[in-house]
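What you see below is based on every heavy atom in this structure, not just the backbone, and it leaves out hydrogens, waters and symmetry mates. Residue indices begin at 1 and follow the sequence shown. The structure displayed is predicted, hence computed values, not measured ones.
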Amino acid sequence: MLVATTPWGQQLVTKQVNSYLAGKLKSPFRIGRVSYSIPDYIELENVFFKTPQGDTLLNGGRMRIDLDMWGLLNNRVSLNQIELEHIRLNINRTLPDTAFNFQYILDAFIPPGDTTKPKTNVDTTAAPLAINLTGIFLKDVRIKYKDDVVGADVNAYVDSLRAKFEKTDVYKSQYHLTNVAVDGLDAKTRLYEGIPTPDVPSAPGDTLDIALGNWQINKSKWDVRVETADFRTQGSVGKLALESDYFYLNGEKIGLKSLQMSNADIAAVLTKPTKKATTTQPTATTETSAG
């Protein structure tokens, strides 16, 4: 155990991790360094993953997770902080294949033939693994997300972001933010018509329990096009302070206690319809003449 925590030991672990993944993944990847301090954190540096189609999935400088490793013994994962620095992440789910581009990584760890075998030795009465998150820190991060299924194309860059959570529960879909501080946000979003899916009756109420908390945003600009509503908004703001009361995703409602802006330039316009209007052809009539 002591050897594994030394610089030499962590170099050995890095080689073993790369060797193990090389046997699983069938596309280029690289993890430059794996470092850790048991039971406090795990850190990856100089990470690169490319999809089998040749697209870059992840290219980054530093990814760190501060966690309570001893909590795993009590069926609990406590993520004190997730830190991403100099990261470029590209996620997509496009036609004709509607699987996410990272699906190949998940598939690599599924044993052959296990997908249809029932797991008879699983204890269904055991409590689920509790996962909670306390904070997130992003520095120089760009995320590109394109999803033809839901109809979303997002390109977002953030210079710096710090977020604190009061309460999180993955199994209850509960995410309660307390404070979010953002510096340098640039977001371009296009929402379009996704793949038609059958209507599935759902229970009333929100499936996500989200609390936005207090936001402080400096130097932000955006360009959002909602093609399904023929709407577009562009703008920039030097400083924005927002205090939220409630947020209902399914109900499309948000309650604001306060909202302050300075050095703001905002435009919202109705664009030309993206769908061709259907026209009703005139009905042909037959005239008869008396002879």
Side-chain angles (χ1 to χ4, degrees), residues 82 84-94 133 135-166 168 173-194 206-277:
I82 294 178
L84 304 178
E85 288 191 30
H86 313 302
I87 296 293
R88 302 296 181 264
L89 178 63
N90 301 298
I91 298 177
N92 62 64
R93 183 167 54 160
T94 58
L133 173 63
I136 295 176
F137 171 69
L138 306 180
K139 179 65 178 178
D140 182 24
V141 172
R142 181 177 295 279
I143 298 176
K144 294 183 179 180
Y145 175 77
K146 191 174 191 304
D147 192 336
D148 282 341
V149 176
V150 300
D153 189 353
V154 180
N155 186 345
Y157 172 82
V158 61
D159 183 48
S160 174
L161 181 148
R162 289 186 181 273
K164 295 294 183 182
F165 291 87
E166 179 184 24
T168 59
S173 297
Q174 187 177 62
Y175 308 95
H176 289 189
L177 286 160
T178 53
N179 295 286
V180 180
V182 182
D183 283 308
L185 175 63
D186 187 352
K188 295 181 180 179
T189 301
R190 182 175 69 93
L191 303 179
Y192 53 96
E193 187 173 1
D206 265 17
T207 56
L208 287 174
D209 181 4
I210 299 176
L212 297 180
N214 301 328
W215 288 64
Q216 296 282 340
I217 302 176
N218 297 322
K219 296 177 293 183
S220 173
K221 60 180 180 179
W222 64 90
D223 184 346
V224 178
R225 289 181 291 163
V226 186
E227 294 181 356
T228 54
D230 303 319
F231 174 78
R232 182 174 187 174
T233 176
Q234 296 174 285
S236 62
V237 60
K239 184 176 182 180
L240 184 148
L242 179 151
E243 185 178 3
S244 173
D245 190 16
Y246 59 84
F247 178 67
Y248 301 135
L249 185 63
N250 287 357
E252 298 180 352
K253 294 181 179 180
I254 181 172
L256 299 179
K257 291 183 179 179
S258 64
L259 176 64
Q260 298 178 350
M261 291 188 293
S262 61
N263 299 326
D265 183 6
I266 302 174
V269 297
L270 292 175
T271 60
K272 293 181 180 180
T274 55
K275 298 180 180 179
K276 294 182 179 180

Chemist: Filter on salt bridge (charged side-chain N to carboxylate O under 4.0 Å, His left out), then keep only pairs touching residues 175-192, sequence neighbours left out; what's left?
Modeler: Asp186-Lys221, Arg190-Glu227
Chemist: Indicate yes or no: at least one non-hydrogen side-chain atom of Ile266 is less than 4.5 angstrom from one of Met261.
Modeler: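 A side-chain contact exists here, since the closest heavy-atom pair is under 4.5 Å.
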Chemist: Is the closest side-chain heavy-atom distance between Leu191 and Val226 below 4.5 Å?
Modeler: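 A side-chain contact under 4.5 Å exists here.
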Chemist: Is a donor on one side and an acceptor on the other found under 3.5 Å between the side chain of Thr168 and the backbone of Leu133?
Modeler: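 Yes, because the side chain of Thr168 sits within donor-acceptor range (under 3.5 Å) of the backbone of Leu133.
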Chemist: In the structure I gave you, are the side-chain heavy atoms of Lys146 and Asn155 within less than 4.5 Å of one another anywhere?
Modeler: no
Chemist: Using the side-chain contact (heavy atoms from CB on, under 4.5 Å) rule, take Leu270 and Phe231 through it: C-alpha gap first, then chi angles, then the decisive distance, then the call.
Modeler: CA-CA 5 Å; Leu270 292 175; Phe231 174 78; 4.3 Å; yes
Chemist: Is any side-chain heavy atom of Thr233 closer than 4.5 Å to one of Trp222?
Modeler: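 Yes; the side chains approach each other to less than 4.5 Å.
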Chemist: Just wondering, do Ile254 and Leu212 contact through their side chains at under 4.5 Å, heavy atoms?
Modeler: yes
Chemist: Can you tell me how far apart OG (Ser244) and CG (Leu259) are? Round to the nearest 0.5 Å.
Modeler: 10.5 Å
Chemist: Hey, what do you get for NE2 (His86) to CZ (Arg142), rounding to the nearest 0.5 Å?
Modeler: 14.5 Å
Chemist: Less than 4.5 Å apart, side chain to side chain, heavy atoms only: is that true for Glu85 and Phe137?
Modeler: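 With C-beta onward as the side chain, the pair touches.
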Chemist: In chain order, what residues pass the salt bridge (charged side-chain N to carboxylate O under 4.0 Å, His left out) check against Glu166, with sequence neighbours excluded?
Modeler: none
Chemist: Let me confirm one number: the CD1-CG distance from Ile217 to Leu242, rounded to the nearest 0.5 Å.
Modeler: 7.5 Å
Chemist: Within a strict 4.5 Å, meaning less than it, do heavy atoms of the Trp215 and Leu177 side chains meet?
Modeler: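 They are in contact (side-chain heavy atoms under 4.5 Å apart), so the answer is yes.
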Chemist: To the nearest 0.5 angstrom, please state how far the NZ atom of Lys139 sits from the CG atom of Leu84.
Modeler: 13.5 Å
Chemist: Identify, with sequence neighbours excluded, every residue that meets salt bridge (charged side-chain N to carboxylate O under 4.0 Å, His left out) alongside Arg88.
Modeler: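 Partners of Arg88 by the salt bridge (charged side-chain N to carboxylate O under 4.0 Å, His left out) criterion, ordered by chain and then number, come out as Asp140.
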Chemist: How many angstroms lie between CG in Asn92 and OH in Tyr145, if you round to the nearest 0.5 Å?
Modeler: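 Answer rounded to 0.5 Å: 9.5 Å.
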Chemist: Which heavy-atom pair separates His176 from Ile210 by the least distance, and what is that distance?
Modeler: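 So the two residues come closest at CD2-C, 4.3 Å.
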Chemist: Rounded to the nearest 0.5 Å, how far does CG of Leu185 lie from CG of Leu240?
Modeler: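 Taking CG in Leu240 and CG in Leu185, the distance rounds to 10.5 Å.
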Chemist: What pair of heavy atoms forms the shortest contact from Asp147 to Tyr192, and how long is it?
Modeler: O-OH, 3.3 Å
